[in-house]
Undergrad: 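Okay, here's the structure, questions in a sec.
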Amino acid sequence: MTVTDPLGTTAPAPPATPAGSPTPVLVALKLSLLRNGLRQSSGRRAAYVTSIVFTLLFAALQLLGLIMLRGHDHAAALVTVLTALLALGWAVAPLFFPGGDETLDPTRLVMLPLRPRPLVGALLVSSLVGIGPLFTLTLAAGAAVALAHGAAAAVAGVAAVALDLLVCVALARAVATANIRLLTSRKGRDLALLSGLFVAIGLQFVNFGWQRLSGENGLAVLEPAADVLRWVPPAAAVDAVQGVSEGAYGAAAAQFALTAVTLVLLLWWWQRGLTQLMTAPDASTLQADAPGRASGGRDTGGPLGRLLPAGRTGVVLLQTFRYAVRNPKTKASWVTSLAVGLLVPVVTSLQGAGSIYSACWAPGLLGMVMFNQFGQDSSAFWMVSQTISSRRDAYLELKGRAMAIGLVALPYVTLAVGIAAAVMDRWDAAAETLGLGLALVGALVASGAVASAQFPYSIPQDSGYKNVAPGQAGLAWISIFGGMIVGAALTAPVLGMTIWLHLSGAHELLWLVLPVGAVYGLLIAEAGLRLGAPRTLARLPEILAAVSKG
């Protein structure tokens, strides 16, 4: 056979070489990358070894605990719920820890002559190398030992362990591949900054679940959830071992089939994602200026900008909202405050120690966003400082930032109080709680305006885990906790009115706390802004030096 080049000359075709499987190459590549990564520094090596030791210790204790549950009446319910939670962790981990396994980033392979189908198999096998798969294997093996009774159940347990591990790994890889463009972008890094929030929320639910399990009903409380999750892969395969042990071969076969079909669908989704990733253009291959994009025009802020007040106040307000959407640290602060503020009353209510006044966590955490307002600007604050030449300029700057919090606070605090009242069935106390919440927001805005000028500190933008620049931790503690104490003290008049109405028996007048708290919050916030404006003007050089330190 000959081939003809573009010039018309002919030459014999090169001999065909058999296409080998990329699996051994990718497995060896991952092992090499892990080994070379550990050689980079002793600190990284120590952290990796420590994580392995703790993971193996926890996995061993978990395996021992599951084995001890063998023969327990509710062992199947426990292992089914645990398997489902583990699969959920595999699904969300790539979204919040996108840099956790750089060796399996498929974008690093797009320029290689690899087809998606063999690449899926190779990546699936190489994904089995690591701490996570080892932990999953241990849990699945413990679950199989706890449920398997008899030779048939033992064989089913081996199949369940394999399916469980493969479904978890394939799920994580499919999710990561489908979202890899997002995860490797700025928005993906912003999402990773919020991982701490979801860990905190997860710990609250774990704490609540542990309290329920420690009650008099014990593992029996898991039965309703297990009845649903036993048909959700991969928990279905684990529960099928119990079915084989009890002789329910038909239901067990259906559960195995459901899990196997799920694995096939995940692999198909993963392959489809790889195909799109390796063939579709990304932002680097497209024109930077898309057709139809307006250029050279003035940025009016869109529909929101047209609704905001004119002048400096509206500009600052729009800038604050944009920071909350685009700046990673500011976004994390806003989202954490809003989410935790809604979560606390629900969790305390579920724990049986709730009070409708726990809804005041929502305005308290939201008001804390007002603290260190200039620190979120970092070194860019010098541009803002050039426009502040009078006390009025400083006042309008603070007012715009405070208005952003106020516009969010009114519907947000109302929602938080409404959720608390509905969960705890305390609609009779909703009005007074809302009044206290609005007063607290105003008090914290007032103390935050002064603290932002008096105790500014820099927020490092190059680290997802540091919120204070080195050497400024003392300033941050004084600003936050001092401001909290002052804010709580400023709320005392409205709180005193509420307590007096309760003690005097004038419960029919408690609704007055709502309008009084709303008006008081506005007045005390205005006083704080007017007090903070001259301090901001006088301390501009110190503020600029402090916030630019990181």
Side-chain angles (χ1 to χ4, degrees), residues 308-309 311-321 323-324 327 330 333-334 337 363-378 380-381 384-385 387-410 412-413 437-459 472 475-494 517-544 546-547:
L308 299 179
R312 184 184 187 111
T313 301
V315 173
V316 175
L317 202 160
L318 180 61
Q319 170 192 299
T320 303
F321 280 137
Y323 269 29
N327 186 288
T330 307
S333 175
W334 275 85
S337 299
L365 292 172
L366 179 60
M368 295 296 294
V369 177
M370 185 65 189
F371 289 76
N372 196 34
Q373 275 293 309
F374 306 128
Q376 69 181 0
D377 295 5
S378 191
F381 179 72
V384 177
S385 65
T387 65
I388 300 178
S389 57
S390 65
R391 180 179 298 184
R392 178 170 176 77
D393 291 337
Y395 167 76
L396 293 177
E397 180 72 25
L398 289 172
K399 181 180 178 181
R401 297 173 185 248
M403 280 187 65
I405 298 176
L407 289 177
V408 175
L410 183 58
Y412 171 70
V413 176
L438 295 177
L440 181 58
V441 171
L444 289 175
V445 166
S447 59
V450 177
S452 294
Q454 198 69 33
F455 306 105
Y457 56 90
S458 178
I459 302 177
Q472 294 185 330
L475 284 174
W477 282 94
I478 294 174
S479 174
I480 295 175
F481 287 97
M484 289 174 60
I485 294 173
V486 173
L490 292 176
T491 319
V494 180
V519 173
Y520 179 81
L522 286 174
L523 293 178
I524 198 65
E526 178 69 15
L529 295 177
R530 293 191 178 277
L531 183 62
R535 294 175 179 269
T536 301
L537 178 63
R539 290 179 49 82
L540 274 180
E542 291 86 351
I543 295 174
L544 180 58
V547 303

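Worth knowing before you read on, the calculation uses all heavy atoms, side chains too, and leaves out hydrogens, waters and symmetry mates. Please read all numbers here as calculations on a predicted model, not as lab measurements.
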Undergrad: Taking the side chain as every heavy atom from C-beta outward, state whether Leu438 and Leu410 have any pair of such atoms under 4.5 Å apart.
TA: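 They are in contact (side-chain heavy atoms under 4.5 Å apart), so the answer is yes.
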Undergrad: Using the test ring-ring contact (aromatic ring centres under 6.0 Å, His included), find all partners of Tyr520 that sit at least two apart in sequence or belong to another chain.
TA: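 Here no residue qualifies.
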Undergrad: Check for a donor-acceptor pair, side chain of Arg539 on one end and backbone N or O of Ala453 on the other, with a separation under 3.5 Å.
TA: yes
Undergrad: Can you name the closest pair of heavy atoms from Leu366 and Ala409 and give their distance?
TA: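 In terms of heavy atoms, the two residues are closest at CD2-CA, 3.5 Å.
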Undergrad: So Val316 and Leu398, do their side chains get closer than 4.5 Å, heavy atoms only?
TA: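 With C-beta onward as the side chain, the pair stays apart.
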Undergrad: What's the separation between atom CG in Leu440 and atom CG in Leu365, rounded to the nearest 0.5 Å?
TA: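 Atom-to-atom, Leu440:CG and Leu365:CG are 9.5 Å apart.
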Undergrad: Identify, with sequence neighbours excluded, every residue that meets ring-ring contact (aromatic ring centres under 6.0 Å, His included) alongside Phe374.
TA: Phe381
Undergrad: Just wondering, do Val384 and Glu397 contact through their side chains at under 4.5 Å, heavy atoms?
TA: yes
Undergrad: So which heavy atom on Met370 is nearest to which on Leu529, and how close?
TA: CE-CD2, 4.3 Å
Undergrad: With the side chain counted from C-beta on, respond yes when Thr313 and Met403 share a heavy-atom pair under 4.5 Å apart, and no when they do not.
TA: yes
Undergrad: Without swapping roles, check the side chain of Asn372 against the backbone of Tyr457 for a donor-acceptor pair under 3.5 Å.
TA: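 Present.
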Undergrad: Quick check: closest heavy atoms across Val445 and Ala402, and the distance to 0.1 Å?
TA: CG1-CB, 3.7 Å
Undergrad: Going through the distances and angles, do Val441 and Val413 end up as a side-chain contact (heavy atoms from CB on, under 4.5 Å)?
TA: CA-CA 9 Å; Val441 171; Val413 176; 4.1 Å; yes
Undergrad: Mind listing the closest non-hydrogen atom pair of Ala533 and Ala394 along with its distance?
TA: O-CB, 3.4 Å
Undergrad: Looking only at heavy atoms, which two atoms of Val494 and Ala439 are closest? And how far apart?
TA: CG2-CB, 3.8 Å
Undergrad: Taking the side chain as every heavy atom from C-beta outward, state whether Asp377 and Gln319 have any pair of such atoms under 4.5 Å apart.
TA: yes
Undergrad: Any chance you could measure Ser385, atom OG, to Leu544, atom CG, to the nearest 0.5 Å?
TA: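 Reported to 0.5 Å precision, the distance equals 5.0 Å.
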Undergrad: Does any pair with a residue in residues 528-538 pass salt bridge (charged side-chain N to carboxylate O under 4.0 Å, His left out), and if so which ones, sequence neighbours excluded?
TA: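 Matches after skipping sequence neighbours: Glu526-Arg530.
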Undergrad: Hey, could you give me the OG1/CD1 distance between Thr536 and Ile543, rounded to the nearest 0.5 Å?
TA: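 Here the interatomic distance stands at 5.0 Å.
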Undergrad: I'd like to know if the side chain of Thr330 and the backbone of Ala324 have a donor-acceptor N/O pair within less than 3.5 Å.
TA: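 No: the side chain of Thr330 does not pair with the backbone of Ala324.
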Undergrad: Are any non-hydrogen side-chain atoms of Phe455 and Val450 less than 4.5 angstrom apart?
TA: no
Undergrad: For Tyr395, is there any backbone N or O sitting under 3.5 Å from a side-chain donor or acceptor partner on Arg312?
TA: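 The answer is no, because no donor-acceptor pair under 3.5 Å joins these two groups.
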Undergrad: Any side-chain donor-acceptor pair under 3.5 Å between Arg401 and Ser452?
TA: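 On atom types as modelled, these side chains do not qualify, holding no pair under 3.5 Å.
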Undergrad: From Leu444 CG over to Ile405 CD1, what is the distance, rounded to the nearest 0.5 angstrom?
TA: 9.5 Å
Undergrad: What's the separation between atom CD1 in Ile524 and atom OG in Ser447, rounded to the nearest 0.5 Å?
TA: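 That separation rounds to 9.5 Å.
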Undergrad: When you compare the side chain of Phe321 with that of Val408, does any pair of heavy atoms fall below 4.5 Å?
TA: yes
Undergrad: Nearest heavy-atom pair of Ser458 and Ala546: which atoms, and what distance?
TA: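 Smallest interatomic distance, heavy atoms only, reads CB-O, 3.3 Å.
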